[in-house]
Amino acid sequence: MADDALTEILDLAKALDVLAPWPRFEVDSNAWTQIGHLLKAGDADMLALWCEPHAVHLALRAPASDACVVSLAISDGSFPSIGQFHPPAIRLERTIHDLYGIVAKGCPDRRPWLDHGAWELQAPLGTRPSAPVRDPADYAFLPVRGQGLHQVPVGPVHAGTIEPGHFRFTANGEMVARVEERLGYTHKGIDALMAGSDIDHAARIAARISGDSTVAYSFAFAHAVESALGVEAPARAQVLRGVMAELERIANHFGDIGAICNDAAFALAHAHCGIFRERVLAVCDRVFGHRLMMGCIVPGGVAADISAENAAEIVAVLDDLTPRFAEIVKLYDDTPSLQDRTCNTGIVGKELVRRWAAGGYVGRASGRDFDARRDIGYPPYAGMSVDAPVLERGDVDARVWVRIREAEASMKLLRGWLAAIPAGPLQTALPAVREPREGCAMIEAFRGDIWFWLRVADGRVERAHARDASVFQWPLLEAAIEDNIIADFPICNKSFNCSYAGHDL
Amino acid sequence: MRTLLLRSLFARPVTIGAPSPEDAALAEVGAALEAQARRLFGRSITIREVDAGSCNGCELEIHALSNAVYDVERFGIRFAASPRHADVLLVTGPVTKNMKVALERTYAATPNPKWVVAVGDCACGCGIFAESYATVGSVEAVLPVDLHIKGCPPRPIELLRGLLALLKSATSG
């Protein structure tokens, strides 16, 4: 039924033969609005919404089918808002306005988002950039009315060693009535930096979109370039990419599980998990030459090889960590003071997660059964059984358990690959293609699926756009904290661990 | 849990040895301190970390300084939640324009004498984001910097070397 509705719209649209591996269609504003209704009805997931000076693009995916991109040409500097039907699009439409000066007509929220008025330009990526006219301090937070309410502003510089962002709490005593996020502090203009740069340089930028997901971003960028140019990385490179991606996943999960326990004042688990993470990063440094494996995946293959001894070294670390991690997991499960803080705290409802198409542990802890490794099935995961645990409760505890199970599943995947890495070359040369070609990719980073789209021509990236999993997770954090106490915000926030850099781009 | 605690009591520490401060860093810090009123810190410094727009890679490695392996507190180096408690600002990122004011205010809120350490290639001015319309380019463009620790991101051991150099200079005067 859902597929039919989308197919019907797309049958009438003009298919453009430019994008790989998924199709791109040119639609008119009527079909564009119909797709908005389709998203509202929950018949498809919105994957990304981004812009160019003369077109706006929307990536979507109906359940159990392939993704596709629909594009609407822009002539008068505006397009019909998707956000008026489908709230997850609102922040993206505000971003489009800030970067391009293009208006989403009918968007219920017209406040700026990434543009704080501090750049020397308004609409820096648009056709007519202009001088800024706003005062950075002039930003209207949503009004909250009621008796006995007070506000607590937090950030952008936080108490811990974390990224910058502003949270405006409105509370009644200790109980949070609303928290509103204001992000954009780490906006570095990545779309603009990518435009026009050669592929190698763009790959270096992609690796620095979000440092904790550097493998996943390099992977997604490489995959999109390879799709565009119609090449495939060699078998050995594909398996090594999987090894790096899973090492990144377990390192992050170890760190975060410990940090969540720490926010519940349980420092013992934090200390042990910190050592686990360090062991993984140290072995990555020895084997791949970089602790975070930054720049190890490049378009066409990988830039770092491993020997049989290296593989044995990684397995030895896993052998050592597996029982020790199991012990900490048991400790987590058996400690009532910890459970008291994590169970029933920061609940995100199933319906919200579905509507926002939230990926990763945020989605899977609230019953959304999606994992790009399994459901998109890109190499080296294609044809493999990937354990993607799904829970229903949607609280901090559920998000911890999803991470625990994911870390265990990753260790299993790693052992399988490391036992038999195919021999062969590490890179495929990229063909020189003069005419513009487009590629896209969806890769499961540790915090959820990331989307990458780009257009390459003549060895250069003409345009690129990345969308982090956090984009659809940040708004759910606002929902998670409602009716909790302010003191539980850190633990809720940590259980999401959304990326600021990945969101602000 | 009891067995784990008992085992922990008798386990050897997992900390690694202290690295020797880097000569280049020592020279840079020494020169920076020359002009300032020297103050003995009782061999300790307190750090306020400010992310001025990094990709969060540097933050991960700064975090690692506090784990049981590097355990930076054993050298008297502590992280504080407020700039009012800090001697040192540890700044990462290419300083986005959206963060410039917050960084300046954090610096203004830090009591004298104070030192600024730029961490990572972005903060040191040679990062990949230097060309952007949305970045200032380096920490030096906003604040006086006393010590640069390069790397993308610098390894914890490199951070430790730089911070020990700072500690040595600050307490030898």
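We name chains A, B, ... by the order of the sequence lines, and we start the count at 1 in each one.
L114(A) touches chain B through its backbone: at least one of N, CA, C or O sits under 4.5 Å from a heavy atom, while the side chain does not. Looking at A52(B), there are no atoms closer than 4.5 Å to chain A (heavy atoms on both sides), in backbone or side chain. Interface residue L292(A): only side-chain heavy atoms are found under 4.5 Å from chain B. With a threshold of 4.5 angstrom between heavy atoms, E327(A) approaches chain B through side-chain atoms but not through N, CA, C or O. In this structure, the portions of R208(A) lying under 4.5 Å from any heavy atom of chain B include both its backbone and its side chain. Interface residue R48(B): only side-chain heavy atoms are found under 4.5 Å from chain A. With a threshold of 4.5 angstrom between heavy atoms, P153(B) approaches chain A through its backbone and through its side chain. With a 4.5 Å cut-off on non-hydrogen atoms, R277(A) touches chain B through its side chain but not through its backbone. F129(B) touches chain A through backbone and side chain together, each having a heavy atom under 4.5 Å away. Neither the backbone nor the side chain of D504(A) comes within contact range of chain B; no heavy atom of the residue lies under 4.5 Å from a heavy atom of that chain. Using a 4.5 Å cut-off between heavy atoms, C58(B) makes no contact with chain A at all. Only the backbone of H158(A) has a heavy atom closer than 4.5 Å to any heavy atom of chain B. With a 4.5 angstrom heavy-atom cutoff, S82(B) does not touch chain A via any of its atoms.
Put simply, of K330(A), R279(A), H290(A), the one with the most heavy-atom pairs under 4.5 Å next to chain B is H290(A). Highest contact tally toward chain B, considering only P156(A), A271(A), P124(A), S499(A), is held by P124(A) [criterion: heavy-atom pairs under 4.5 Å].
A donor-acceptor pair under 3.5 Å is absent between the side-chain atoms of N56(B) and the main chain of Y500(A), judged by distance alone. No donor-acceptor pair under 3.5 Å is formed between the side chain of K188(A) and the backbone N or O of A130(B).
Taking the six-membered ring where tryptophan is involved, the planes of Y133(B) and W119(A) are perpendicular, since the angle between them exceeds 60° and thus also 30°.
The two atoms that bring S54(B) and A501(A) nearest to each other are O-CB, 3.7 Å, heavy atoms only.
Chain A is approached within less than 4.5 Å, heavy atom to heavy atom, by P94(B), T96(B), K97(B), N98(B), M99(B), A102(B) from residues 90-103 of chain B, ordered by number.
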